[in-house]
Amino acid sequence: MTHFVRKRWFLLLLLVGLLLAFLRTPGLHALTDVFDPRIVVGAALFLMAWGLESRKLVSALFRPWPALLAVIISYVLLPCLALAAGRLFDHGDYRVGLLLIASVPCTLASAVLWTRMAGGNEAIALLVIVLTTATSWLVTTSWLAAGAGADVALDVADMMRGLLLVLVLPVTLGQCARGVAPLARAADRWKTVVGLVARLLIFSIILKAAVGVSDQLAERAEHLALGSFLLVAGLCVGLHVAALLAGFGGSRMLGFDRGSCIAVAIAGSQKTLPVGLFLFETYFKQTYPLAMIPIVCFHVGQLVIDTMFAERLAHRTAAHRDAAAV
């Protein structure tokens, strides 16, 4: 039992948090209101960049093909699948929500964490994060304008400033911290603790989003059909799994090494919750209030699926290593 809890504590914590959110536990609103997604994600990304050896990121830049494949899966395959899946719904909220979460950048912290858990090349995952986030002001808005049925009046300058603060600045500071020898040694020595703190930061964002979904469900219960809700949740999982398999299988077909295959699969299929929530709150909440449901379902689904995926790959890697040592 202790072993089970130790290996799957994050999933158990996630389930408890979701249960508390959907039971509308008193005081949970006050707690989650404290969490500013930009600050939390920036802190998590700084921790990831601080723990990542600079030479690994440089090596990823000199071998960009795995990262480029992940970007194609993230920004071409997933939005196309989301558009097709959206045709199953008469409910415009679900169509917009699916497209919205499918067209945002790679998640900012968990892609690196889960790639590391699976024994993959975390530098490739970080490079995918940089590429997708740096281009999201153009790619994401283009998909939403073309597929959501209306023009999306994004403030590009404001979004670029936000990306600089949330992505470029934390990564730069994290890598600069590694230039100081004592800080670099501390990051390497406490790598497990750093990863733990980053995962807790991710959980705080999920909890905040779950509270928002709970509010929407309570306010609009009469407009919801259980069948449609279950279908959209299943489609969110299906979209993520399709991208995950495409990334892993496509990488193997192209002859990438195992670490690169893992990074492409995870980074190419994961999507960031904070950017999705930002776009929803700013541009879609009034017209499509239930679009938040696919956003949260996709993110929770990817964490559950990728935890099992990473554990399986880590177990197989350890088994191969033990067999080779005999």
Self-check item: side-chain contact (heavy atoms from CB on, under 4.5 Å) partner of Val71, chosen from Val76, Thr132, Val264, Thr135
Solution: Thr132
Quiz prompt | Beyond-backbone contact of Asp93 with Ile293, side-chain heavy atoms, under 4.5 angstrom | solution = no
Self-check item: Cluster link Ile72 to Ile101, ILVMFWY, side chain under 4.5 Å
Solution: no
Quiz item: Would a hydrophobic clustering, with Ile, Leu, Val, Met, Phe, Trp and Tyr connected at side-chain separations under 4.5 Å, put Leu15 with Trp9?
Solution: no
Practice problem: Check the pair Asn121, Ile262 against side chain to side chain contact (heavy atoms under 4.5 Å, CB included), reporting the backbone distance first and the verdict last. | Solution: CA-CA 7 Å; Asn121 189 330; Ile262 294 171; over 6 Å; no
Practice problem: Considering non-hydrogen atoms only, spot the tightest contact between Ala60 and Leu127 and give its length. | Solution: O-CD2, 3.6 Å
Quiz item: Which atom names give the shortest non-hydrogen contact between Leu239 and Ala82, and what distance separates them?
Solution: CD2-N, 4.0 Å
Quiz item: Hey, does Leu254 have a side-chain heavy atom less than 4.5 Å from the side chain of Trp65?
Solution: no
Quiz prompt | Backbone of Ala70 reached by a side-chain donor or acceptor of Ser74 within 3.5 Å | solution = no
Exercise. Looking only at non-hydrogen atoms, find the nearest pair between Val104 and Tyr75 and report the distance.
Key: O-CE2, 3.7 Å
Practice problem: Apply the test side chain to side chain contact (heavy atoms under 4.5 Å, CB included) to residues Leu303 and Trp114: give CA-CA distance (whole Å), side-chain angles for both, the deciding distance (0.1 Å), then the verdict. | Solution: CA-CA 9 Å; Leu303 293 183; Trp114 267 251; 4.0 Å; yes
Exercise. Determine, using the 4.5 Å side-chain heavy-atom cutoff (strictly less than), whether Met253 and Leu69 are members of one ILVMFWY cluster.
Key: no
Practice problem: Examine the side chains of Thr107 and Ser110 and answer whether a donor and an acceptor come within less than 3.5 Å of each other. | Solution: yes
Quiz item: For the hydrophobic clusters of this structure (ILVMFWY residues joined by side-chain heavy atoms under 4.5 Å, transitively), does one cluster hold both Leu273 and Leu20?
Solution: yes
Practice problem: Would you kindly say whether Ser103 and Lys271 are connected by a side-chain donor-acceptor distance under 3.5 Å? | Solution: no
Quiz item: Hey, is the main chain of Ala210 close enough, under 3.5 Å, to the side chain of Ser214 for a donor-acceptor pair?
Solution: no
Exercise. Measure across Thr133 and Cys106 and return the closest heavy-atom pair with its distance rounded to 0.1 Å.
Key: OG1-O, 4.4 Å
Quiz item: Does Arg95 reach the main-chain N or O of Phe89 with its side chain, forming a donor-acceptor pair under 3.5 Å?
Solution: yes
Practice problem: Take Asp257 and Arg63 through the test salt bridge (Lys or Arg N to Asp or Glu O under 4.0 Å) and record every step on the way to the result. | Solution: CA-CA 12 Å; Asp257 61 85; Arg63 293 182 63 251; 3.7 Å; yes
Practice problem: Determine the minimum heavy-atom distance between Ile295 and Gly97, stating which atoms define it. | Solution: CG1-O, 4.1 Å
Quiz item: Between Trp50 and Phe46, what is the ring plane arrangement, given parallel below 30°, perpendicular above 60°, and tilted in between?
Solution: parallel
Quiz prompt | Within-4.5 Å side-chain heavy-atom neighbours: Val128 and Leu68 | solution = no
Quiz item: Backbone N or O of Phe284 within a donor-acceptor pair of the Thr287 side chain at under 3.5 Å?
Solution: no
Exercise. Verify the cluster assignment for Ile206 and Leu200: are they in a single hydrophobic cluster under the rule of side-chain heavy atoms below 4.5 Å apart?
Key: yes
Quiz prompt | Shortest non-hydrogen separation from Ala291 to Val96 and the atoms involved | solution = CB-CG1, 4.4 Å
Exercise. Starting from the C-alpha separation in whole Å, work towards a yes-or-no answer on salt bridge (Lys or Arg N to Asp or Glu O under 4.0 Å) for Asp306 and Arg312.
Key: CA-CA 10 Å; Asp306 287 358; Arg312 181 175 178 81; over 6 Å; no
